[in-house]
Number of protein chains: 2
Amino acid sequence: MSVSIKDIARLSGVSTATVSRTLSHPDRVSEDTRAQVMTVVATLGYNVNSAARSLRRQRSDSVLAIVPDLGNPFFSAILAGMEEALHAAGIDLLIRDSRQAGNSGEVMLNHLRQGRVDGLICLDGALPEATRRALAAPDVARRVVFCCEWLSGDDGALFPSVRSDNQTGAKLAIDALVGLGHRNIAFLAGPPSNVLSQERRIGTVAALAAHGLELSQTCGGGQDFGLQAGYEAADWLVGLEPRPTAVLCVSDQMAMGLIAGLNDLGVSVPQDISVIGFDDIVTAAYFRPALTTVRQNRVEIGRRAAELLMIQVREGAEPPEVPVVVSVPVELIMRSTIGPAPKV
Amino acid sequence: MSVSIKDIARLSGVSTATVSRTLSHPDRVSEDTRAQVMTVVATLGYNVNSAARSLRRQRSDSVLAIVPDLGNPFFSAILAGMEEALHAAGIDLLIRDSRQAGNSGEVMLNHLRQGRVDGLICLDGALPEATRRALAAPDVARRVVFCCEWLSGDDGALFPSVRSDNQTGAKLAIDALVGLGHRNIAFLAGPPSNVLSQERRIGTVAALAAHGLELSQTCGGGQDFGLQAGYEAADWLVGLEPRPTAVLCVSDQMAMGLIAGLNDLGVSVPQDISVIGFDDIVTAAYFRPALTTVRQNRVEIGRRAAELLMIQVREGAEPPEVPVVVSVPVELIMRSTIGPAPKV
DNA sequence: TTGAAAGCGATACCAG
DNA sequence: CTGGTATCGCTTTCAA
């Protein structure tokens, strides 16, 4: 059996209450006692038992992040940002993949209900209806924030959320393309029902309208934001009549897949078609041609989401002024996949 | 206050002991009782309190993965594999970045000592000496497995480990290059002290020796396995005299960076130089030219590590027959970055 | 500043 | 098969 607070109490000649105080509220014991207790603690190599502490304190000091696809490298930087903010506050990060077999929405709700975690950071905007309803219960809702994605139709009134400024991102991209003379611009979406597909498309349409232009075409994309979906979209793109001279893609992975596909079809980027991605994942700069893209500050998004959640679940915290939407700035990174619109 | 086992007991007219049994060992109560209790449980929406359960059972049903750099997409598939295996067994996955500020080795050890987690999966082979010693304590060592990397010098005698068959991977790559007529082959390493750099280099030297060849050059690489380090190695490579006609890289990211760098220097891959990567990360297939690489089965590695750990920490488990090294097969994926050795 | 003691919620042993 | 009860280890009133 491992050493407990009782052992410390006995060896340092004080009560368990005092040991506990020494550890949790050092300022509430005399200096002498503290020194004495700490010595014994160090000698025995004592560590608080977290289950006992959680049980007594009625909080776990950990939070759960729900990721749609852990295998997608897009999320790693976001998780890193969360990790950083959370651990600075002594809070643990648990991770679950919401699309993994057997991970219904219930699973994550149970974590909350069982007290395994104090809060939830959800990166998946496509939750089943039953889960959405369950999340909306008042005592649950306060413990949830969304990050990157959000529930479509929720503008922060139901759940606070942290997201990139998607519409501005699209605008930056479109402005750059129009500035290069492009007039026939297409949008390559991910899953049509995904909020990011929708939001960035809206931004695209609005930015084009500001130039007196209309969106040429939207490709529905595949089941995800992945490379293969982008690759397959190349066929669609070259078949369009008239063929767009530029494409804004909803993700970098799709953009890279698309460029690879165009390449295989004998279409050159950016000579024949200009392409812009979204995300600025780490490979974007080393892809050839180097990918022009809208950078999302993924670490920052993760950090902000974690901080937001910590404020909300702090006990005695006021319920937040709704709606809460933290919009993280984006930035257009100019590289080599866009160029002047080809002369007809 | 949330509903507890007492409430269930009262409403279903049985003792708390019976409720507990119904939930934890359904086969040890009568069918009638079980039905009765389960109805009440469902009605009240009861959930076991995990802190109380952990305290009583003296186990947390969660494990901690230590990742050297969460921001590196290489790890996401491994984590996904772990997640899958762990959650199938009802175990939670916690994640920490070992290189993050303030995450000394102590931090992860404390998780074990505090009973926050039942075991550790360590993906970082470069732990500080103090941590290595602390890990080796008998009661701790049994709860640790290494994954991907391992402590240099440990052949599974100290800690079980799951890893790719790195030497065979190098051999597959070298054999392919030699088969294409290459005689002057270089190796692009990551951090020199890293076990993967070392192991793959050893495999490379051995495979070359089998063909009666010697390794032309080794580039020490940078501080990591990243794209930038590969990019910078391009200068080194083209400066060699005689210039190697092929390079085996310790990671895909380095290979891609290298190719981008060569590209910028006017050197063509594979016409002038053949390049092989290691990992087969998701972008490898869509990089242009598509990257020839040694595929690691990352999901499998993660899954096996998780399974290994679960066996070890199962109570009453025999200490494993040491050494335990699970070697996961690798595979050479032929794409477009290698070609015949150029005629001189 | 310190100690005694009540509990947090679930489990498992021991009787019955 | 079921109930009573001690217990896991810590925190926190309440009194002194």
Side-chain angles (χ1 to χ4, degrees), chain A residues 1-38 40-41 44-61 90 110-118 315-316, chain B residues 1-38 40-41 44-61 90 110-118 315-316:
Chain A
M1 191 82 320
S2 132
V3 29
S4 90
I5 210 174
K6 272 188 183 166
D7 304 305
I8 308 297
R10 188 159 14 85
L11 268 81
S12 47
V14 297
S15 70
T16 58
T18 298
V19 177
S20 176
R21 266 184 230 110
T22 309
L23 266 19
S24 300
H25 310 283
D27 49 316
R28 291 189 207 162
V29 300
S30 77
E31 198 170 326
D32 288 355
T33 324
R34 195 188 325 146
Q36 169 68 2
V37 170
M38 291 314 272
V40 179
V41 164
L44 298 197
Y46 167 79
N47 287 277
V48 294
N49 177 305
S50 73
R53 171 174 279 181
S54 292
L55 176 58
R56 184 60 233 233
R57 296 219 242 213
Q58 299 286 58
R59 86 184 125 90
S60 64
D61 288 320
N110 282 341
H111 266 72
L112 216 47
R113 300 188 182 122
Q114 298 175 349
R116 266 174 177 272
V117 298
D118 300 330
E315 54 190 314
Chain B
M1 191 83 320
S2 129
V3 30
S4 92
I5 210 176
K6 273 188 182 166
D7 304 305
I8 308 295
R10 188 159 16 84
L11 268 81
S12 48
V14 298
S15 70
T16 60
T18 298
V19 176
S20 176
R21 264 184 232 112
T22 308
L23 266 20
S24 300
H25 310 282
D27 48 315
R28 293 189 205 161
V29 300
S30 78
E31 199 170 323
D32 288 354
T33 318
R34 195 189 323 145
Q36 168 68 0
V37 171
M38 291 313 273
V40 179
V41 164
L44 297 196
Y46 167 80
N47 287 276
V48 294
N49 178 306
S50 75
R53 171 175 277 181
S54 292
L55 175 58
R56 183 61 234 229
R57 299 222 248 220
Q58 300 284 56
R59 88 186 123 88
S60 64
D61 288 320
N110 283 340
H111 266 73
L112 217 46
R113 298 188 183 122
Q114 298 174 351
R116 263 170 180 271
V117 298
D118 300 328
E315 55 190 312

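Chain A is the first sequence line, chain B the second, and so forth, proteins listed ahead of strands; every chain is numbered from 1.
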> Calculate the interatomic distance between N49(B) atom CG and dT11(C) atom C1'; express it in whole Å.
13 Å

> Do any side-chain nitrogens or oxygens of Q58(A) fall under 4.0 Å of OP1 or OP2 in dG9(C)?
yes

> Separation of L55(B) atom CG from dT7(D) atom C1', in whole Å?
9 Å

> Name all residues meeting the salt bridge (Lys or Arg N to Asp or Glu O under 4.0 Å) criterion together with R53(B); count only those two or more places apart in sequence or in a different chain, and write none if there are none.
none

> Could you identify which residues of residues 16-25 of chain B place a heavy atom less than 4.0 Å from some atom of DNA chain D, listed by residue number, or say none?
T16(B), A17(B), T18(B), R21(B)

> With rounding to the nearest 0.5 Å, note down the distance linking OG in S30(B) to CD in Q36(B).
10.0 Å

> Rounded to whole Å, please give me the gap between CD1 in I5(B) and P in dC8(D).
18 Å

> Within the structure shown, what part of the strands sits under 4.0 Å from S54(B) by heavy-atom distance: base, sugar-phosphate, or nothing?
nothing

> Without swapping roles, check the side chain of R34(A) against the backbone of P26(A) for a donor-acceptor pair under 3.5 Å.
yes

> Could you state the CG-C1' distance from D32(B) to dT2(D), rounded to the nearest angstrom?
13 Å

> Ignoring hydrogens and angles, does a donor from either the side chain of R57(A) or the base of dT11(D) sit under 3.5 Å from an acceptor on the other?
no

> Does S4(B) have a side-chain nitrogen or oxygen under 4.0 Å from the phosphate oxygens OP1 or OP2 of dG9(C)?
no

> Residues in side chain to side chain donor-acceptor pair (under 3.5 Å) with D118(B), at least two apart?
S60(B)

> Whole angstroms only, please: what is the NZ-P distance between K6(B) and dT11(C)?
14 Å

